[in-house]
Novice: 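After the structure tokens below, expect a handful of questions from me.
Chain letters run A, B, ... following the sequence lines, proteins first and then strands; every chain starts at 1.
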There are 2 protein chains.
Amino acid sequence: MQISSRFSVAVHVLSLLALPEQEGVPLTSERMAGSVNTNPVVIRRILGQLKKAGLVEVRPASGGTFLTRQPANITLLEVYRAVEVVEEGQLFSVHDKPNPACLVGRHIQSALDDTLQRAQTALEQVLAHTTLQQVTTDIAAKALIS
Amino acid sequence: MQISSRFSVAVHVLSLLALPEQEGVPLTSERMAGSVNTNPVVIRRILGQLKKAGLVEVRPASGGTFLTRQPANITLLEVYRAVEVVEEGQLFSVHDKPNPACLVGRHIQSALDDTLQRAQTALEQVLAHTTLQQVTTDIAAKALIS
DNA sequence: AGCAGTGTAACTACAGTTGTTACAACCCGG
DNA sequence: CCGGGTTGTAACAACTGTAGTTACACTGCT
């Protein structure tokens, strides 16, 4: 099972917001959907989650959408958490209700838990150390080359 | 989206195989299912994947099931790969077909790819450094305490 | 040959994702 | 103060992957 593409879409949208806007062309959910190549409602749903997490401010009607912080101060981990791809600490699912009458069944959960938690944390630390700015800088750099 | 519980079930099953067997009570898929608390077919499906990965040997009929290696030489990463919870390098899914007419759309995939790959590798490295033996030792230790 | 167990196909039920339509709520400009 | 473009959300469909179950052919020991 893969981690939902909501995460990559969210980073895409935030990159659009971080990069300089074209003059006179407001960045609506419709236009963002055009860049991501999906439906505007999908974008609005994700913007709603980013807003709830305090990463963006969305003004209803024709008010526009803005980052609330500098791209350098937004980590991918925050984005990852914002779109709720996984419940905190629940990346791995462990079969619940193993047989307590069995030695292994009785202790497998706690025996696995520590390792799985560390694996998950290792992944999240990489995201925590990558900022939105790094992503947009990378995009800009690639744009210059090609 | 969570990683399938096939992984934790597989570790459970391998732990059963690694720990000393009760005399005269063969470890059938039926008994394993009893410990995991699921259906024997679910166990046989997972055993099939572990067999394909070369981690266990299953003798049809009443032949029994055995580890092909010492528990100290089986890493959780191998188990993780064996049950195919995720395609290699595909833990994160990235929206395909972003709009190439857009600066961000054109480069978001490659800009994200490096980071996501590193995050995934960080997770896998934790699994790579944990052996089946560590799990069974932990189970045995907990059994002594309680 | 009988039988206990494995291997596997087929089916159901369920949950989460993604895309879509529809529509109320909002607010700015004229 | 009203019209029009936009956001916020509910509702639904299609699809995918998981997990449980039944059924049955196959295997190999005794």
Side-chain angles (χ1 to χ4, degrees), chain A residues 1-10 12-13 17 21 24-34 36-53 56-66 80 83-87 90-99, chain B residues 1-10 12-13 16-17 21 24-34 36-53 56-66 83-87 90-99:
Chain A
M1 211 54 161
Q2 292 185 296
I3 288 171
S4 157
S5 70
R6 279 203 303 280
F7 175 56
S8 64
V9 171
H12 186 144
V13 165
L17 293 169
E21 194 179 346
V25 188
L27 206 43
T28 65
S29 65
E30 180 104 27
R31 292 224 312 128
M32 298 189 211
V36 173
N37 189 23
T38 182
N39 193 288
V41 174
V42 173
I43 300 294
R44 279 181 244 153
R45 276 204 282 249
I46 290 173
L47 278 176
Q49 296 185 286
L50 296 175
K51 186 170 62 167
K52 199 158 74 175
V56 303
E57 183 189 345
V58 183
R59 308 223 185 94
S62 330
T65 306
F66 311 92
Y80 175 83
V83 296
E84 295 169 351
V85 280
V86 284
E87 297 280 304
Q90 302 291 314
L91 178 54
F92 292 90
S93 62
V94 177
H95 54 296
D96 56 347
K97 310 200 202 61
N99 190 341
Chain B
M1 213 52 160
Q2 292 184 296
I3 289 171
S4 155
S5 70
R6 281 203 302 280
F7 174 56
S8 64
V9 172
H12 187 145
V13 165
L16 289 170
L17 292 169
E21 193 177 347
V25 187
L27 205 42
T28 65
S29 64
E30 179 105 27
R31 291 224 314 130
M32 297 189 212
V36 172
N37 189 25
T38 183
N39 193 289
V41 173
V42 172
I43 300 294
R44 294 204 283 263
R45 276 203 282 249
I46 289 173
L47 278 177
Q49 295 185 288
L50 296 175
K51 185 170 64 167
K52 199 158 73 175
V56 303
E57 184 189 346
V58 184
R59 308 223 184 94
S62 328
T65 306
F66 312 91
V83 295
E84 294 169 352
V85 280
V86 286
E87 296 280 301
Q90 301 291 315
L91 178 54
F92 292 90
S93 61
V94 177
H95 53 297
D96 58 347
K97 311 201 202 61
N99 189 341

Novice: To the nearest Å, how far apart are B:Leu47 CG and C:dG5 C1'?
Specialist: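 Taking atom C1' of C:dG5 as the reference, CG of B:Leu47 is at 12 Å.
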
Novice: Mind running a 4.0 Å heavy-atom check of residues 39-46 of chain A against DNA chain C and sending the residues that fall below it, in number order?
Specialist: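 Residues of residues 39-46 of chain A under 4.0 Å from DNA chain C: A:Asn39, A:Val41, A:Val42, A:Arg45.
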
Novice: Hey, which sits more toward the 5' end of DNA chain D by its nearest nucleotide, A:Met1 or A:Gly48?
Specialist: A:Gly48

Novice: Calculate the interatomic distance between A:Arg59 atom CZ and C:dC28 atom P; express it in whole Å.
Specialist: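 Atom-to-atom, A:Arg59 to C:dC28, this comes out as 9 Å.
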
Novice: Atom CD of A:Gln49 to atom C1' of C:dT17: distance rounded to whole Å?
Specialist: 12 Å

Novice: Looking at every non-hydrogen atom in both residues, tell me the closest pair between B:Val83 and B:Ala10 and how far apart they are.
Specialist: CG1-CB, 3.7 Å

Novice: Would you say B:Asn37 and A:His95 make side-chain contact, with heavy atoms under 4.5 Å?
Specialist: no

Novice: Determine the minimum heavy-atom distance between A:Pro98 and B:His12, stating which atoms define it.
Specialist: CB-CE1, 3.9 Å

Novice: Given atom CD of A:Glu30 and atom P of C:dT20, what is their separation to the nearest angstrom?
Specialist: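 Spelled out: CD on A:Glu30 to P on C:dT20 is 12 Å.
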
Novice: For A:Phe7, enumerate each residue passing the ring-ring contact (aromatic ring centres under 6.0 Å, His included) test, keeping only those at least two apart in sequence or located in another chain.
Specialist: A:Tyr80, B:Phe92

Novice: What is the separation between atom CG on B:Leu27 and atom P on C:dA4, rounded to the nearest whole Å?
Specialist: 18 Å

Novice: Would you indicate what A:Thr38 reaches in the nucleic acid, counting non-hydrogen atoms under 4.0 angstrom: base, sugar-phosphate, or nothing?
Specialist: sugar-phosphate

Novice: Taking only residues two or more places apart in sequence or in another chain, which ones pass side-chain contact (heavy atoms from CB on, under 4.5 Å) with A:Lys51?
Specialist: A:Val56, A:Val58

Novice: B:Val42: what forms a side-chain contact (heavy atoms from CB on, under 4.5 Å) with it, not counting sequence neighbours?
Specialist: B:Thr38, B:Asn39, B:Arg45, B:Ile46

Novice: Tell me, please, which residues at least two apart from A:Arg44 pass side-chain hydrogen bond (donor to acceptor under 3.5 Å, both in side chains).
Specialist: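 A:Arg44 satisfies side-chain hydrogen bond (donor to acceptor under 3.5 Å, both in side chains) with A:Ser29 once adjacent residues are dropped.
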
Novice: Would you mind reading off the distance between B:Leu50 atom CG and C:dT6 atom C1', rounded to a whole angstrom?
Specialist: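 Atom CG in B:Leu50 sits about 15 Å away from atom C1' in C:dT6.
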
Novice: Give A:Lys52 one of three labels, base, sugar-phosphate or nothing, depending on what nucleic acid heavy atoms sit under 4.0 Å from its own.
Specialist: nothing

Novice: Give the first and the last nucleotide of DNA chain D, reading 5' to 3', that has any atom under 4.0 Å from a heavy atom of chain B.
Specialist: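 Extent of the interface on DNA chain D: D:dT18 to D:dG28.
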
Novice: Check the phosphate of C:dT18 against A:Ser5, side-chain N and O only, distance under 4.0 Å to OP1 or OP2. Yes or no?
Specialist: yes

Novice: I'd like to check the salt bridge (Lys or Arg N to Asp or Glu O under 4.0 Å) partners of A:Glu57; sequence neighbours left out, ordered by chain and number.
Specialist: A:Arg59

Novice: For A:Thr28, what residues pass the side-chain hydrogen bond (donor to acceptor under 3.5 Å, both in side chains) criterion, not counting sequence neighbours?
Specialist: none

Novice: Among A:Leu17, A:Leu50, A:Leu27, A:Ile43, whose side chain to side chain contact (heavy atoms under 4.5 Å, CB included) with A:Thr65 holds?
Specialist: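 The residue from A:Leu17, A:Leu50, A:Leu27, A:Ile43 that satisfies side chain to side chain contact (heavy atoms under 4.5 Å, CB included) with A:Thr65 turns out to be A:Leu17.
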
Novice: End-to-end bend of the helix from C:dA1-D:dT30 to C:dG30-D:dC1 (five-pair axes, 10° rounding)?
Specialist: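 Both end axes considered, the difference amounts to 10°.
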
Novice: Please identify each residue that fulfils side-chain contact (heavy atoms from CB on, under 4.5 Å) with B:Ser4, with sequence neighbours left out.
Specialist: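 For B:Ser4, the residues satisfying side-chain contact (heavy atoms from CB on, under 4.5 Å) (neighbours in sequence not counted) are B:Arg6, B:Val85.
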
Novice: What is the distance, rounded to the nearest whole Å, between atom NE2 of A:His12 and atom P of C:dT18?
Specialist: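 In whole Å, C:dT18 P lies 15 Å from A:His12 NE2.
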
